[in-house]
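As structure tokens, the structure follows; a few thoughts come after it.
Positions are given from 1, in the same order as the sequence printed here.
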Amino acid sequence: MLMAKWSKFLSKDTTLLKTSEIRDLLKLTEGKNVISLAGGLPDPSTFPAEDIKNITDYVLQNYASRALQYSATAGIPELRKELVNLSSQRGITGINENNIFVTVGSQEALFMLFNIFVDPGDHVFVEMPSYLAALNILRARNPQFHGIPLTEKGPDLDKFEEELRRLKSEGKSPKLLYIIPTAQNPGGTTLDMEGRKRVLELASQYDFLIVEDDAYGFLVFEGESPAPIKALDKEGRVIYTGTFSKILAPGFRLGWIVADEEIIQNVELYKQNVDLHTPSFTQFIAAEAIKRNVIQNNIPRVRQLYREKRDVMLQAIEEYFPKDARWSKPVGGMFVFAWLPEKIDALNMLPKALERGVAYVPGSSFYYDYSGRNTMRLNFSFPPKEKLVEGIRILGQVIKEELA
Ligand SMILES: Cc1ncc(COP(=O)(O)O)c(C=O)c1O
């Protein structure tokens with residue numbers, strides 16, 4: 001533990017940021033013989049390294065003077081153009097380059113959007129559970145949170161509407177909904193088309209913005225990936241975020257926003273203060289990767305691998321978890337989410353699991369109010385298949401002992 005020598009100088013905002021006890025716990029396992037189902041990393045075998053090497057040579061030969069130079073805040077024109085094309089493959093049409101903004105991962109997109117739109121006390125809706133790092137950005141904005149419980153079919157829209165009605169009856173207005181409708185992280189759920197339409201209708205009726213996180217939209221490996229809510233949006237109230245992290249390589253730190261031009265202009269103003277622009281070099285490589293179909297050709301491979309790994313994990317859970325546990329059967333993405341018997345406190349159980357050689361993320365981290373104590377998130381994309389089975393076997397034993 002470092003001495004708190006400089007803490008008196010910290011801004012109030014910084015003191016609001018907490019280090020996570022879970023992260024600290026998991027750090028202790030680094031370098032030890034622990035099977036980690038806690039991470040959120042893609043399988044490195046999915047990185048098209050040889051293609052990236054060839055493209056990098058090409059970019060340096062042909063674009064060095066621009067690829068190594070400062071560039072436009074909203075992104076290089078070549079990539080914005082390619083992202084218009086890539087978006088159309090997700091069903092988002094009727095947009096042009098001015099609706100696209102390139103960011104340092106979709107994490108930066110979420111950071112900027114929540115800072116641009118959310119003031120302390122604003123009424124913000126999130127799924128319960130939802131993506132931890134997005135919740136942390138929101139927490140630092142100090143909004144009034146409203147949770148929408150997740151069912152097997154995505155967020156419970158009846159409950160959502162009920163809460164919207166209640167707010168209205170109190171004369172209050174919702175500001176924003178943050179939603180991951182496809183292969184949700186961590187819940188593993190996918191909202192169907194009817195649900196997507198209803199969310200958009202509610203946004204229009206109650207006049208709020210939707211931030212739609214489509215991190216796993218290209219990673220649906222079973223059935224069709226439903227078009228994002230953005231594809232249905234006629235009013236421009238949906239702000240869509242996408243990422244190269246799961247379809248090319250997270251090390252590129254590249255993501256993007258699709259939004260109404262006026263919103264893009266606000267993001268541009270904000271980003272000038274953050275980092276001027278996203279690195280030019282990786283943008284040139286990503287643009288070329290789309291142009292050469294490297295990403296499109298890679299996606300089926302990634303899907304196939306993750307489907308296999310999901311099946312291995314689900315089969316092991318079926319075999320080793322107690323019968324009264326429930327778990328998601330994700331049609332895409334990288335995670336299974338488990339609801340254990342109420343008696344289990346997944347946070348308290350973690351040190352024991354680590355001792356026995358397996359790590360997971362306690363689900364309470366994914367609830368804005370830290371409820372969901374009996375839940376856990378399990379990653380299947382990174383560990384090798386045999387480790388998935390072994391990890392779940394050990395975890396099943398730990399859970400059963402805890403229940404006994
Ligand atoms: C739902 C979701 N949104 C956003 C991100 C951020 O990813 P990146 O910043 O790498 O684009 C992740 C990463 O795991 C995620 O799961």
Side-chain angles (χ1 to χ4, degrees), residues 39-63 66-68 71 74-92 97 100-110 131 133 180 182-183 185 212-221 225 228 230 240-258 275 277-309 332-335 379-382:
L41 306 183
D43 188 315
S45 75
T46 64
F47 304 152
E50 194 56 32
D51 288 318
I52 291 173
K53 179 177 173 295
N54 294 336
I55 291 174
T56 304
D57 284 348
Y58 171 82
V59 165
L60 286 174
Q61 265 163 27
N62 294 279
Y63 298 106
R66 289 180 57 215
L68 302 177
S71 59
I76 64 163
E78 286 87 345
L79 183 57
R80 292 173 88 189
K81 182 164 160 274
E82 291 303 331
L83 284 170
V84 171
N85 296 338
L86 197 67
S87 299
S88 75
Q89 291 173 33
R90 282 291 289 126
I92 302 173
E97 286 94 304
I100 303 276
F101 193 98
V102 182
T103 57
V104 179
S106 54
Q107 187 67 27
E108 188 196 38
L110 297 173
Y131 174 50
I180 312 158
T182 305
N185 176 9
E212 178 181 32
D213 183 339
D214 196 38
Y216 301 98
F218 286 101
L219 268 201
V220 170
F221 39 68
S225 181
K230 181 69 191 161
Y240 170 100
T241 64
T243 177
F244 284 97
S245 294
K246 327 288 172 182
I247 53 175
L248 186 62
F252 273 64
R253 304 309 303 127
L254 280 178
W256 69 94
I257 296 172
V258 184
D275 52 10
H277 67 81
T278 300
S280 321
F281 192 28
T282 47
Q283 289 189 65
F284 270 96
I285 297 171
E288 198 56 30
I290 303 176
K291 207 189 281 173
R292 295 186 188 193
N293 281 327
V294 168
I295 292 179
Q296 295 85 330
N297 293 338
N298 198 34
I299 286 173
R301 230 167 46 86
V302 186
R303 286 183 184 148
Q304 164 79 12
L305 178 65
Y306 288 1
R307 183 172 51 231
E308 285 168 20
K309 286 188 150 185
M334 316 197 307
F335 308 101
N379 170 258
F380 57 77
S381 60
F382 187 74

Between [atom1] of [X] and [atom2] of [Y], what distance do you get to the nearest 0.5 Å?
X: F335; Y: N185; atom1: CZ; atom2: CG; answer: 4.5 Å
X: R303; Y: T46; atom1: CZ; atom2: OG1; answer: 13.0 Å
X: K291; Y: L79; atom1: NZ; atom2: CG; answer: 10.5 Å
X: I285; Y: I55; atom1: CD1; atom2: CD1; answer: 8.0 Å
X: D275; Y: E108; atom1: CG; atom2: CD; answer: 4.5 Å
X: F281; Y: I76; atom1: CZ; atom2: CD1; answer: 11.5 Å

Heavy-atom neighbours of F382 CZ exceed 12 at 6.0 Å:
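Count not over threshold, so no.
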For T243, give me all partners under side-chain contact (heavy atoms from CB on, under 4.5 Å), at least two apart in sequence or on another chain.
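By the side-chain contact (heavy atoms from CB on, under 4.5 Å) rule, T243 matches S106, A215, S245, K246.
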Report the residues that fulfil side-chain contact (heavy atoms from CB on, under 4.5 Å) with S381, sequence neighbours left out, ordered by chain and then residue number.
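S381 satisfies side-chain contact (heavy atoms from CB on, under 4.5 Å) with Y306, M334, N379 only.
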Kindly give the heavy-atom pair with the smallest separation between [X] and [Y], and that separation in Å.
X: G332; Y: A183; value: C-CB, 3.4 Å
X: A289; Y: Q296; value: O-OE1, 4.2 Å
X: Y58; Y: R292; value: CG-NH2, 3.1 Å
X: T182; Y: S225; value: CG2-OG, 3.8 Å
X: G75; Y: Q283; value: CA-OE1, 3.2 Å

Can a salt bridge be assigned to the pair R90 and D214 using a cut-off of 4.0 Å between side-chain N and carboxylate O?
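Judged by the 4.0 Å cut-off on N to carboxylate O distance, R90 and D214 do form a salt bridge.
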Ion pair present between E78 and K81, side-chain N to carboxylate O less than 4.0 angstrom?
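Result for this pair is no, no salt bridge flagged.
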Partners meeting ring-ring contact (aromatic ring centres under 6.0 Å, His included) with F284 (sequence neighbours left out):
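Listed in chain order: Y63.
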Taking the side chain as every heavy atom from C-beta outward, state whether [X] and [Y] have any pair of such atoms under 4.5 Å apart.
X: T282; Y: F244; result: no
X: Y131; Y: Q107; result: yes
X: L248; Y: N298; result: no
X: V302; Y: F218; result: no
X: F47; Y: P250; result: yes
X: V258; Y: W256; result: yes

Quick one: list whatever passes side-chain hydrogen bond (donor to acceptor under 3.5 Å, both in side chains) with T103, sequence neighbours left out.
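side-chain hydrogen bond (donor to acceptor under 3.5 Å, both in side chains) check on T103 returns nothing, list empty.
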Pairing residues for T241 by the side-chain hydrogen bond (donor to acceptor under 3.5 Å, both in side chains) criterion, not counting sequence neighbours
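Partners of T241 under the side-chain hydrogen bond (donor to acceptor under 3.5 Å, both in side chains) test: none.
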Between Q304 and R301, is there a side-chain donor-acceptor contact under 3.5 Å, judged purely by atom types and distance?
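Checked: R301/Q304 side chains show no N/O donor-acceptor pair below 3.5 Å.
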Review item, side-chain donor-acceptor pairs of residues 82-89, under 3.5 Å, at least two apart:
| unit_1 | atom_1 | unit_2 | atom_2 | d |
| --- | --- | --- | --- | --- |
| E82 | OE1 | N85 | ND2 | 3.4 |
| S87 | OG | L83 | O | 2.6 |
| S88 | OG | N85 | O | 2.6 |

